[in-house]
Every structure is written in C-alpha cells, then in structure tokens.
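Right, one structure below, let's go through it.
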Amino acid sequence: YAAQKAGLGPNYRIIEYPRKKDLVEAIQDLFEKALPGSARTKSLGATLAQRIETDLKMFKAFNDPQGLYARLPLELAIH
C-alpha cells in the first residue's frame with residue numbers, strides 16, 4: 001500500500017530492522033555479552049535491569065517542568 005501511494009511501481013524492496021530495545025534491555029544485553037554463558041552475569045544483569053527500571057519509573061513520576069533534578073547516591077528507608 002505504501003509503495004503504491006509513493007508511486008514506486010513494482011520494483012521496490014522491503015527492509016526490516018530489529019525493533020528498538022528499551023534502555024533496560026540494552027543494558028541487560030551489554031552485561032550478558034560481557035561474560036557470555038555466565039549465570040552470575042545474567043543474574044547481575046537482571047538485577048541491574050530491575051534496579052534501573054525501578055529508578056526510571058521514579059523519575060517519570062517527577063513533574064518539574066524544566067526537567068531538573070538532583071538525587072543523592074543513596075536511598076533512605078525508614079521502618
């Protein structure tokens with residue numbers, strides 16, 4: 001349909017690319033490639049990916065119109 005609308009005629013080709021990975025998937029892939037076959041790496045990658053995903057959700061909840069934030073490199077938990 002798109003080729004017809006673009007007036008390409010019968011001589012066109014389709015190139016498919018892999019879907020774009022989100023940040024968590026990309027980081028996890030980097031860890032898995034660093035030490036392939038290591039169960040520890042996959043566990044570390046999964047743990048790190050989960051932590052990053054949690055932090056990204058937290059940042060998305062912020063609402064500063066200029067997008068400026070500061071955060072200490074620690075978490076305070078009061079029980």
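The structure presented is a predicted model; accordingly, all values stated were derived computationally and were not measured.
- Partners of Glu53 under the side-chain hydrogen bond (donor to acceptor under 3.5 Å, both in side chains) rule, at least two apart in sequence or in another chain, do not exist in this structure.
- The side-chain hydrogen bond (donor to acceptor under 3.5 Å, both in side chains) search around Arg13 returns none, not counting sequence neighbours.
- With a 4.5 Å cut-off between side-chain heavy atoms of Ile, Leu, Val, Met, Phe, Trp and Tyr, the cluster of Ile14 takes in Leu8, Tyr12.
- Note on residues 15-26: pairs passing side chain to side chain donor-acceptor pair (under 3.5 Å), not counting sequence neighbours, are Arg19-Glu25, Lys21-Asp29.
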